[in-house]
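Small disclaimer: the values here were computed from a predicted structure and weren't measured. For the single chain, residues carry numbers from 1 onward in sequence order.
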Amino acid sequence: MVPRGDGEVGLETTSFEETHQQQKKLVIGYALTSKKKKSFLQPKLEVLARKKGISFVSIDQDKPLSEQGPFDVLLHKLLGNAWHEVIEDYQKKHPEVTVLDPPGSIQRIYNRQSMLQGIADLNLPDCDGMVCVPKQMVVLKDTTSSADKVAEAGLKFPLVAKPLLVDGTAKSHQLFLAYDRLSLAELEPPLVLQEFVNHGGVLFKVFVVGDVIRVVRRFSLPNVSNCEKAKVAGVFQFPRVSSAAASVDKSELDPRVAELPPKPLLEGLVRELRNRLGLQLFNIDMIREHGSSDVFYVIDINYFPGYGKMPDYEQVFIDYFLSLAQAKHNKRECIKSGIEM
């Protein structure tokens, strides 16, 4: 109790964050590859976390998950059906733990055939633009005979070739540009063939952390002219556009190319994808059709991407983790009070 200026005694209040830190830390159990751990759990993030009462605890994959913890949040990015079964079983037994993200939801975007399905049908009214997906087809076995199927599907060269499955290896992120029918025989199936869309050599990486959206520009392939299409043949490997070295400053570009996608469009797209995919941590690779100001293409979606390349990612994640704790606190209070959420 504390005295008030009017002579009465009032209750001393503390914020949820202060109360939470006094009572219990927010414990985040993580199961990440060594590469992902190094890029994500950087010193600045861990320092900020400690200040806010958040601790990261490594999950021992050689021990039953049920014998570890207790955890408030489970953060993971490991592949394999066995691991996914472990997570799903744990989630059923511990519904109070927030799992980022459910394996069933993640699985869909590990396959490039299902990854972009339904995006063209998204309901994005009044969003200052249009979101499309490039024409694409899947080649499971014989790339030599796929040339005829490409024509039947109405795809035009050049074609972007991507491995069908995203399995976390460097190979699964290798992209190629095939200029003609004969070059398809050089590609290794299973893969996805996607019509190349001229986009001014700039790609937008849209990072999503819950409700937060951050956009980073990356250099990409330059436009392909009609003259080049007629003269060039063969298969060429894409340069990696996800690295920090591929970052591009707006001042280096034509403003019509560098301008970020409209905020209402991004917010609408992310909201719809979050609901459809059931994911909280992902990124969208987008391009703007060359010569257009408001036509965009989604060309890839990645689960738990390299957030270390996102500006101020440490504070974004700290705020997100605290919001999860706040939501859990609110839910408990509602249950105590008999209020339906």
Side-chain angles (χ1 to χ4, degrees), residues 112 115-116 119-120 128-136 155-163 166 170-180 183-184 186-187 191-208 213-263 265-266 269-270 282-302 305-311:
R112 286 194 167 99
M115 178 190 292
L116 304 181
I119 288 182
D128 298 336
M130 179 188 303
V131 176
C132 312
V133 293
K135 289 182 181 179
Q136 68 176 35
L155 273 67
K156 298 177 181 178
F157 288 94
L159 298 175
V160 179
K162 307 177 179 183
V166 183
K171 186 177 180 180
S172 70
H173 292 285
Q174 287 182 346
L175 309 181
F176 298 88
L177 194 62
Y179 275 87
D180 55 31
S183 64
L184 295 179
E186 301 178 36
L187 300 171
L191 50 83
V192 169
L193 296 177
Q194 202 174 75
E195 204 167 72
F196 181 77
V197 177
N198 280 338
H199 53 281
V202 174
L203 174 128
F204 303 104
K205 297 194 78 70
V206 183
F207 291 96
V208 179
I213 302 170
R214 294 284 187 274
V215 186
V216 176
R217 299 176 188 84
R218 290 284 185 263
F219 279 122
S220 181
L221 282 191
N223 293 340
V224 178
S225 67
N226 290 330
C227 181
E228 187 177 353
K229 292 178 186 178
K231 293 182 178 180
V232 179
V235 173
F236 298 87
Q237 186 170 355
F238 268 79
R240 287 299 299 271
V241 298
S242 60
S243 67
S247 296
V248 56
D249 187 84
K250 183 177 179 181
S251 62
E252 300 172 3
L253 298 169
D254 183 324
R256 292 170 296 181
V257 172
E259 183 180 2
L260 297 179
K263 184 178 179 181
L265 183 74
L266 291 177
L269 174 62
V270 168
F282 61 98
N283 95 286
I284 309 161
D285 286 350
M286 293 179 68
I287 56 177
R288 175 190 284 108
E289 185 176 41
H290 182 67
S292 169
S293 62
D294 60 359
V295 178
F296 297 88
Y297 284 81
V298 173
I299 57 174
D300 238 336
I301 302 174
N302 302 288
Y307 282 110
K309 300 158 190 168
M310 182 182 88

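- Under the 4.5 Å side-chain criterion, counting only non-hydrogen atoms from C-beta, Leu116 is in contact with Gln194.
- Contacts of Arg214 classified as salt bridge (charged side-chain N to carboxylate O under 4.0 Å, His left out), with partners at least two apart in sequence or in another chain: none.
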### Task
Show the numbers, then the answer: is there a side-chain contact (heavy atoms from CB on, under 4.5 Å) between Glu259 and Arg288?
CA-CA 10 Å; Glu259 183 180 2; Arg288 175 190 284 108; 3.9 Å; yes
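- In this structure, Tyr307 and Val208 approach most closely via the heavy-atom pair OH-O, 2.6 Å.
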### Query
So Asp294 and Ser292, side-chain contact (heavy atoms from CB on, under 4.5 Å) or not? Walk me through it.
CA-CA 6 Å; Asp294 60 359; Ser292 169; 3.4 Å; yes
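- The heavy-atom pair separating Val216 from Phe207 by the smallest distance is CG2-CE1, 3.8 Å.
- With sequence neighbours excluded, the residues satisfying salt bridge (charged side-chain N to carboxylate O under 4.0 Å, His left out) with Lys263 are Glu267.
- Between Pro134 and the options Ile287, Ile299, Val298, Val192, a side-chain contact (heavy atoms from CB on, under 4.5 Å) holds for only Ile299.
- The two residues Arg217 and Ala258 have their closest heavy-atom pair at NE-O, 2.7 Å.
- For the atom pair Phe296 CZ and Leu266 CG, the distance stands at 7.5 Å (nearest 0.5 Å).
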### Query
Are Leu193 and Val160 close enough, and set up right, to give a side-chain contact (heavy atoms from CB on, under 4.5 Å), and what steps lead you there?
CA-CA 6 Å; Leu193 296 177; Val160 179; over 6 Å; no
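- Taking each heavy atom of Phe196 and Val224 in turn, the nearest pair found is CE2-CG2, 3.5 Å.
- Across all non-hydrogen atoms, the minimal contact from Ala178 to Leu184 is CB-CD2, 4.0 Å.
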### Task
Just do the side-chain contact (heavy atoms from CB on, under 4.5 Å) check on Asn302 and His173 with the steps written out, would you?
CA-CA 11 Å; Asn302 302 288; His173 292 285; 4.1 Å; yes
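- For residues 229-239, no residue pair satisfies the side-chain hydrogen bond (donor to acceptor under 3.5 Å, both in side chains) rule, not counting sequence neighbours.
- If you take CG on Asp180 and CG on Leu159, they are separated by 10.0 Å, rounding to the nearest 0.5 Å.
- Residues Phe157 and Tyr179 approach most closely at CB-O, 3.5 Å, considering heavy atoms.
- A distance of 8.5 Å separates CD of Gln136 from CG of Leu155, quoted to the nearest 0.5 Å.
- At a threshold of 4.5 Å between non-hydrogen side-chain atoms, the residues Lys309 and Arg218 count as touching.
- Distance check: Asp285 CG to Lys205 NZ gives 3.5 Å after rounding to the nearest 0.5 Å.
- Between atom CD of residue Glu289 and atom NE2 of residue His199 there is a gap of 11.5 Å, rounded to the nearest 0.5 Å.
- Side-chain atoms of Asp300 and Arg112, non-hydrogen and from C-beta on, do get closer than 4.5 Å to each other.
- One distance of note links CD1 of Ile284 with CD1 of Ile119; it measures 7.5 Å at 0.5 Å rounding.
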